[in-house]
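Keep in mind it's a predicted model, so treat the numbers as computed, not measured. Labels below follow one simple rule: chain letters A, B, ... track the order of the sequence lines, proteins then strands, and each chain is numbered from 1.
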Amino acid sequence: MQRQLVTFLLGSGLFGIDVLLIREINRGMDIAKVCPSPDYVEGLMNLRGQIVTIINPSQRLGIKSENVEEHSCIILKTKHELERHISEGLVDGDVSKEVVGLRVDTIAEMVMVNDDEMEQPPANVGGIEAAYIKGIVKLENNLLLALNLSKVLQI
Amino acid sequence: MQEKEMLDELVVESREHLQAVEPDLLEMEQKGSAVSDELVNRVFRAVHSIKGGFSFFGIEKVVDLSHALENVMSKIRDHKLTVSGEVVDALLQGVDKLRVLLDDLGNVEQVTIADEIARFVPYLDPQVTAVVPTTEKKTTDGNDEINLIRVRHPEFGESQIMEAMKSGKGIYHFVIDKKNDVVGRGVTLAALLTEWEKFGDILMITPGKDALFKEKGDVQTTGEISLVFASVLEPDLIGDALEIPSDGILTFDMREYRNKLASPQHQQDSISGEPAVAIVKSSGSVNRIEDALRVKVGLLNNLMNLAGELVLARNQLTQFIGKKIADLPELESMFTAIHKSDGEMADGNESEDSEHHLSLKESNAGLSERMLREALGFRIADIQGLNGIIQNVDMVTTLLQEGIMQTRLQPLSVVFSKFPRVIRDLAKKMDKKISLVLVGQDVELDKSIVELLSDPLTHLIRNCADHGIELPSQRKAAQKSPEGSVVLKAYQGGGKVIIEITDDGAGINTDAVKKKALQVGLITPDGAEKMSIREIQMLIFAPGFSTAKTVSDVSGRGVGMDVVKTNIERLGGTLDVASELGLGTTVTLRLPLTLAIIPSLIVGAEGRRFALPQVALEEIVRIRAVDITQKIEKVNDSEVLRLRGKLLPLIRLAEVLGLTPTYIDPNDGLRKVDRRTRFSDRRGVPGSEQEKLLAAEVQNRRSGEGDRRKSLRNAVKVAVLLMEHNSYGLIIEEIEDNEEIVVKPLPEYFKGSQCYAGTTIMGDGKVAMILDPNGLALTAGLQFVQLEQAINEEKMRMEKEQQRVFENILLFSIGGSELLGVNLSSIARIEKHKKNEIESVGDKEFLKYADSTLRLFRLENFIPLQRGASESESLFVIVPKGATNQMGFISTKVEDAIETELKLEKHSIHGVGLRGSALIGKRMAVILDMLVLVDEASRQF
């Protein structure tokens, strides 16, 4: 099956998420820090009256986040919103029940990937634990790591 | 998927039907034979639609039971059965069972409905059983059945059929296995048969009864028994009633047989076998029109979010337009300027240009002027017109938000309606006579509150009936009417919904309560002495308390009332009790209108904002900087606040949450991380690390760094929070506005912390966390019991100390004869200066340092003392601690510093800033209160 991945940078690494899982992408949003909170939680955001928990995947993966002017937030769909897609087997049901967002450094382009191009990750990909990676895609001059959201979003 | 949704909807609908049926049944009971057709029909219809709905899904237990209910109702409707308490009891029991079935549809097979059906049997007149069951079994030709039955029961024939038909009973045939059906149930065959005879008659049994019982009881435990059974029960019900699988029951189809006989008399009978729906329609009663719509709560929540967002957008818009309007005069003046310069240009060109040119210029200027004026005019008109539109949007938005809020409100009748039944059942059970009056059922509350209110209210009502109302004989003896009354009243007041539960029963016996509380160790004998009547009455809500002499199955297990209190408080409500012995008791609940919106105080700590729910907030105490050392003390490493003679444990919000200390940089106004050590205890010993830090800080200030950092010199703000049994103080840094906030659930990622109760979006669109006072106390590890002990010890110690106080006293004089004393710990430092170093500006005196000044005060200006006539060349400046401003007091001579047990004499000398006098050595010294003096002096800045 062909999938369309939205790719983005965390540090210097290129990562991807299935576009079907994404509700919207925002830039320059006001994120309110919460203390105490797990360190992989960046804070809370007001998305048109809805509270969105922003997760920092860099923190989870152990990547040093790039110092960019404005981080982007990828807001994911909820399990409920994806119910049909999941039952049809179009996407994995590894999203959260609540609205969450991922804070990424820079959004890159869309990449079409065939399922058979996706390879199993080795135990350790450049210091990143394999559990966080669903698969690796070899692009022309780069490696694209598809994120395993169930692990990244794990509470 | 879709089917499941439909089923869910059906369950919801059916529950509503049942809820409506119950009061109707109670009304039927009251009216007895005078019951109106409309009422009966209403119940009938409700039960019928439940039956119809579930037959579609093939959930037979529900269908069967509702069918049985329907049969009894149809008999009442046809006036063939008079309504009595027993009938209603049976019907109510059926309704209850239906509810049980609905609650757990997945496991209906494990629920037996035999008891309920057995209760209906006496009311099922054979003639009425003709209503067509919706789950009709496939019928076969009557003759085949007769033949089948005859295989085992050769004697079965026409006579039995005619007999059964005359009585209107159905004929059933089935075979039971002795091992499974008799022994497996743990009963004897005889007992089983007796049980079954409640449901109908055993026409035939093979082997015969004689053969079965001949051999000493039921020794034989294997083999099959074949039965022919006649019963008024429908085919669907017989299996449930006898608790045997219904597919093993052969039903002899009476109607089929009848039709075959086709006798005129039988045909007439079959008319009554029309579908029930037809009958309902012809009854001519008016259907209650549905003027309500079922909406998903999630959808409403979403709408509420959007409305909130709209409010925000409106605010931004209003601000933006407001700014534009403010810009208008500037625009106008710009226009005038352009107009003027255009005119000048035209003037300057006039002389040398030809007419043609001139007219061109003129028209150019005129054109640009007209264009500008037009453009400007547009803008002005636009903006002014916009104002009206904005106001309109503003109003509509507000109305919209209010409207959406209201959609979440539900009338209390949802909860109240079940209480008539509760009271009726309890009264019957306990042989009491109780009437229940419901007032204010249409008062509306937030859905979530109404739902959560059900259990606590039921408990309170039960309590009234059980403990409150006496037995009729006791009531007579007390010269009260034998019928007790319980009044459940709801009304709105002061932005809250108030619910009162009043009974005219025995009231609370405070002596009994006291005795019991002592017995279970809730209070101490000492404490009992001091308690007010109300405090004693409130003890019934303490955990582990129950005064009922015996444990009844209604209430009185000693759990419950405390749970009621907890639940009400969880809803943000309060609970109160008032009782008079012999006259009755009133329990009053005060509840917020909605949980979704709560009034709260916005507080700040380290630059972050939090919402503190007002329910928990008792008061806010501001402690002046000069009073801090006096009022905040340390007990067992925890800070406590001395508040009106009581000690209140303190928590620092920023510390509990683990916020990084920050300060506002005076240079750029930005908040920055503070790396300095925080010291919360300022009652330091002189010379300790803290003292040095403090001194260093003072030095910093003096050197002109202008420390405007949020420092410990500022007043402390304490929010006193009331918890279930205790209160504590929460130290916050900033207090902002009161705001009505919309509560949003806490995202799962923060569930690990107990500090927060939820989140909210504030008026400016920023996200803020809602503090959970209980959780904060838990997180801070406030151990109230231990702390209380410690506080008590501290109190005792202090009481002792009041008799023996050792203090370090600095003795000095100001030139006069008096010897003055001041506690050393209230002094930062003492400086020695020459008299001529003091500079005077007006009547103010200063001491000048390299880059700052120290304001000097003379003590004689504050306290009634004499200034010495002679002043020596050198002076001592006493610089106090805890002053917000740079100040020092002038002394002429420092005599000594001693540690002494001060025996203060307060009567001979008193005044502002004086603690009293004390004998030191052989001299009398006036002891000053430096904190008060600093405060006094501060006012002169």
Side-chain angles (χ1 to χ4, degrees), chain A residues 23-24 26 28-60 73 75-89 93-103 149-155, chain B residues 1 296 298 301-313 401 404 605-611 653-662 671 741-756 758-771 775-776 779-780:
Chain A
R23 184 197 279 193
E24 63 183 88
N26 285 301
M29 300 295 286
D30 193 4
I31 299 174
K33 301 241 182 228
V34 179
C35 189
S37 75
D39 43 8
Y40 57 86
V41 174
E42 189 67 23
L44 295 174
M45 188 179 97
N46 169 15
L47 181 74
R48 294 186 295 281
Q50 191 163 33
I51 302 268
V52 183
T53 312
I54 304 297
I55 306 288
N56 184 350
S58 305
Q59 179 79 34
R60 275 242 135 137
C73 280
I75 313 293
L76 299 172
K77 288 188 176 167
T78 61
K79 208 162 218 161
H80 183 72
E81 284 174 289
L82 287 167
E83 204 164 35
R84 226 185 60 223
H85 282 340
I86 294 171
S87 65
E88 285 168 7
D94 56 3
V95 283
S96 167
K97 276 182 283 182
E98 295 174 351
V99 189
V100 293
L102 297 178
R103 192 192 84 149
L149 285 181
S150 63
K151 188 78 181 155
V152 173
L153 301 180
Q154 196 180 48
I155 293 170
Chain B
M1 192 66 218
K296 289 207 172 75
N301 289 346
N302 202 8
L303 279 177
M304 204 146 82
N305 276 347
L306 292 175
E309 209 49 22
L310 189 61
V311 172
L312 206 66
Q401 199 192 18
I404 291 171
E606 304 297 358
R608 303 192 189 186
R609 287 191 295 179
F610 302 91
L653 180 60
E655 271 172 27
V656 182
L657 298 179
L659 301 178
T660 328
T662 58
R671 193 170 273 278
I741 56 163
V742 180
V743 180
K744 287 166 192 277
L746 193 67
E748 279 187 50
Y749 291 92
F750 305 104
K751 294 266 160 82
S753 155
Q754 296 170 301
C755 300
Y756 302 115
T759 62
T760 188
I761 295 175
M762 310 227 294
D764 58 2
K766 294 228 164 65
V767 179
M769 304 300 283
I770 303 169
L771 296 171
L776 284 174
T779 311

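Side chains of Leu306(B) and Ile404(B) form no contact here, defined as non-hydrogen atoms less than 4.5 Å apart. Annotation: side chain of Ile51(A) is in contact with side chain of Pro747(B) (closest heavy-atom distance under 4.5 Å).
In this structure, chain A has a heavy atom under 4.5 Å from the backbone of Thr760(B), while its side chain stays farther away. For Asn46(A), the parts lying under 4.5 angstrom from a heavy atom of chain B are both the backbone and the side chain. Looking at Lys33(A), both its backbone and its side chain come within 4.5 Å of chain B, counting heavy atoms on both sides. Contact annotation for Arg608(B): only side-chain heavy atoms (C-beta onward) come within less than 4.5 Å of a heavy atom of chain A.
Note: Met769(B) leads Arg609(B), Met769(B), Lys751(B) in heavy-atom pairs under 4.5 Å with chain A. Interface check for chain B: of the options Leu153(A), Val34(A), Val52(A), the most heavy-atom pairs under 4.5 Å are formed by Val34(A).
Ring geometry, Tyr749(B) versus Tyr40(A): the interplanar angle exceeds 60°, so the pair is classed perpendicular (tilted spans 30 to 60°).
Listed for the Arg103(A) side chain is no donor-acceptor partner under 3.5 Å among the backbone atoms of Gly43(A). A donor-acceptor contact shorter than 3.5 Å is absent between the side chain of Gln50(A) and the backbone of Val99(A).
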